[in-house]
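Numbers for residues simply follow the sequence, beginning at 1. Quick caveat: nothing in here was measured; it's all calculated off a predicted structure.
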Amino acid sequence: IAEAALLLCQERVASLIKAIKESDKDLSMNNTEYLDTKLKYTASIRRGVTSSMTPPVKKGDAYLIQAKDIINGFVDFDDCILLPKDSLEKYSKYELKDGDILLSTFRQSGKIFLFEGANKPVIAASSLFIIRANEGVGKLKVDERYMYTILSSNQLNDYISSNINGYSFMSLSIKELGEFSFKLPDLERQQQIVQSIIRYDGLLQDYEIALAKEQKALESYRKALLNNVLK
């Protein structure tokens, strides 16, 4: 029974490896037909605001997102500073829209977040770049999640390390960020790549679970084998 369980786990792992390799083919960016473009042509870039609020408001009318509030690509709104109505009116033109990409300049490694709404208006603090797709100086169409995927990858890190003095997100300017270049397929292909990445990530998570089950099955098989020998 232990041997059969181990074999089943090994078959599952092998099946997932095959699926991962096949899915990997859909993620290739080595296509000469893809356009070489720059971030400034596909998106508007600006910094968030400097709020005059020092003590947080217990019950405010808007959130102020800071770099520290972004953890693993998510925002903990419960810990955000809340702004009163007069501050909201002052900063209303900086309200975030669904699909805005926030890039932290607070730490050297940088953090990134795809904004997808909240139960109150949201303002970004000055420690964050606000990148809004399809508002650049060009008329190139870009899928927001595709852009988020590009900016989340090592490409931006590599660009900064090779072009920015001191290799730090903290020293990055709007102009330098706008010069970041990347490959841009047509809109349909962008969306296909995003879906492939989602599937790919799901397969990798399944693979991690399968490996844990294989390890557990291996331990059971080892115990059964030793017990059989010692009988």
Practice task
Taking atom CZ of Arg222 as the centre, report whether more than 12 heavy atoms of other residues, nucleotides or ligands fall under 6.0 Å from it.
Solution key: no

Handout entry: Linked, directly or transitively: Leu8 and Leu225 (ILVMFWY side chains, under 4.5 Å)
Key = no

Completion exercise
Shortest non-hydrogen pair, Arg47 vs Ser126, comes out as NH1-O, 3.4 Å

Exercise for the section: Compute both the distance and the angle, then confirm whether Arg189 meets the cation-pi test with Tyr34: under 6.0 Å from the six-membered ring centre, within 45 degrees of the axis. Expected result: no

Exercise for the section: For side-chain contact (heavy atoms from CB on, under 4.5 Å), just list the numbers for Thr37 and Thr42, CA-CA rounded to whole Å, side-chain angles, deciding distance to a tenth of an Å, and then say yes or no. Expected result: CA-CA 8 Å; Thr37 188; Thr42 57; 4.1 Å; yes

Handout entry: N-O pairing of Lys120 and Asp61 below 4.0 Å
Key = no

Exercise for the section: Could you give me the CA-CA distance, side-chain angles and deciding distance for Thr149 and Ile193, then say whether side-chain contact (heavy atoms from CB on, under 4.5 Å) is met? Expected result: CA-CA 10 Å; Thr149 300; Ile193 289 171; 5.8 Å; no

Handout entry: Hydrophobic cluster identity match, Ile17 and Leu6, side-chain contacts under 4.5 Å
Key = no

Problem - Exercise: do Ser196 and Arg199 side chains pair donor with acceptor under 3.5 Å - result: yes

Problem - Distance (rounded to the nearest 0.5 Å) between Leu151 CG and Tyr159 OH - result: 12.0 Å

Handout entry: Side-chain donor/acceptor of Ser162 to backbone N/O of Asp158, under 3.5 Å
Key = yes

Exercise for the section: Give the minimum heavy-atom separation between Gln155 and Phe182, together with the two atoms involved. Expected result: OE1-CB, 3.9 Å

Exercise for the section: Measure the NZ-CD1 distance between Lys111 and Ile70 for me, rounded to the nearest 0.5 Å. Expected result: 6.5 Å

Practice task
Quick one: pull up NZ in Lys97 and CD in Glu144 and give me the separation to the nearest 0.5 Å.
Solution key: 10.5 Å

Exercise for the section: Using only heavy-atom distances, determine whether the side chains of Tyr63 and Asn119 contain a donor-acceptor pair under 3.5 Å. Expected result: yes

Exercise for the section: Flag yes if more than 12 heavy atoms outside Glu3 fall under 6.0 Å of its CD atom; otherwise flag no. Expected result: no

Practice task
Any chance you could measure Glu214, atom CD, to Gln10, atom CD, to the nearest 0.5 Å?
Solution key: 5.0 Å

Practice task
State, yes or no, whether a side-chain contact exists between Leu177 and Ile131 at a heavy-atom distance under 4.5 Å.
Solution key: yes

Problem - Closest heavy-atom pair and its distance - Asn157, Ser153 - result: ND2-O, 4.2 Å

Problem - Joint hydrophobic cluster, Leu187 plus Leu140, side-chain heavy atoms closer than 4.5 Å - result: no

Practice task
Identify the residue among Leu64, Asp100, Ile65 that makes a side chain to side chain contact (heavy atoms under 4.5 Å, CB included) with Val122.
Solution key: Ile65

Handout entry: Heavy-atom donor-acceptor pair, Tyr207 side chain to Gly202 backbone, under 3.5 Å
Key = no

Practice task
State, to 0.1 Å, how close Ala67 and Ser104 come at their nearest heavy-atom pair, and which atoms those are.
Solution key: CB-OG, 3.3 Å

Practice task
Apply side-chain contact (heavy atoms from CB on, under 4.5 Å) to the pair Leu128 and Phe113, showing each step before the final yes or no.
Solution key: CA-CA 10 Å; Leu128 295 165; Phe113 171 64; over 6 Å; no

Practice task
Could you point out which residue of Gln190, Gln195, Glu188 forms a side chain to side chain contact (heavy atoms under 4.5 Å, CB included) with Gln192?
Solution key: Glu188

Practice task
For the pair Phe115 and Phe77, name the ring-plane relationship: parallel under 30°, tilted 30 to 60°, perpendicular over 60°.
Solution key: perpendicular

Problem - Side-chain donor or acceptor of Thr105 paired with backbone N/O of Ser127 under 3.5 Å - result: yes

Exercise for the section: For Glu179 and Leu39, run side-chain contact (heavy atoms from CB on, under 4.5 Å): C-alpha distance rounded to whole Å, both residues' side-chain angles, the deciding distance at 0.1 Å, then the answer. Expected result: CA-CA 6 Å; Glu179 290 295 320; Leu39 190 59; over 6 Å; no

Handout entry: Matching residue for Ser152 among Leu103, Leu114, Ile101, Ile112 - test: side chain to side chain contact (heavy atoms under 4.5 Å, CB included)
Key = Ile112

Handout entry: Crowding at CZ, Arg132 (>12 non-hydrogen neighbours, <6.0 Å)
Key = yes

Completion exercise
d(Leu184 CG, Lys141 NZ) to nearest 0.5 Å is 12.0 Å

Exercise for the section: Group every Ile, Leu, Val, Met, Phe, Trp and Tyr by side-chain heavy-atom contacts under 4.5 Å, then state whether Leu203 and Ile209 land in the same group. Expected result: no

Handout entry: Spatial distance of atom CD (Glu135) from atom CD1 (Ile45) [nearest 0.5 Å]
Key = 11.5 Å

Exercise for the section: Can you see which heavy atom on Lys38 is nearest to which on Gly178, and at what distance? Expected result: CB-O, 3.6 Å

Fill in the blank from the handout: Residues Val142 and Asn134: closest non-hydrogen pair is N-OD1, 2.9 Å

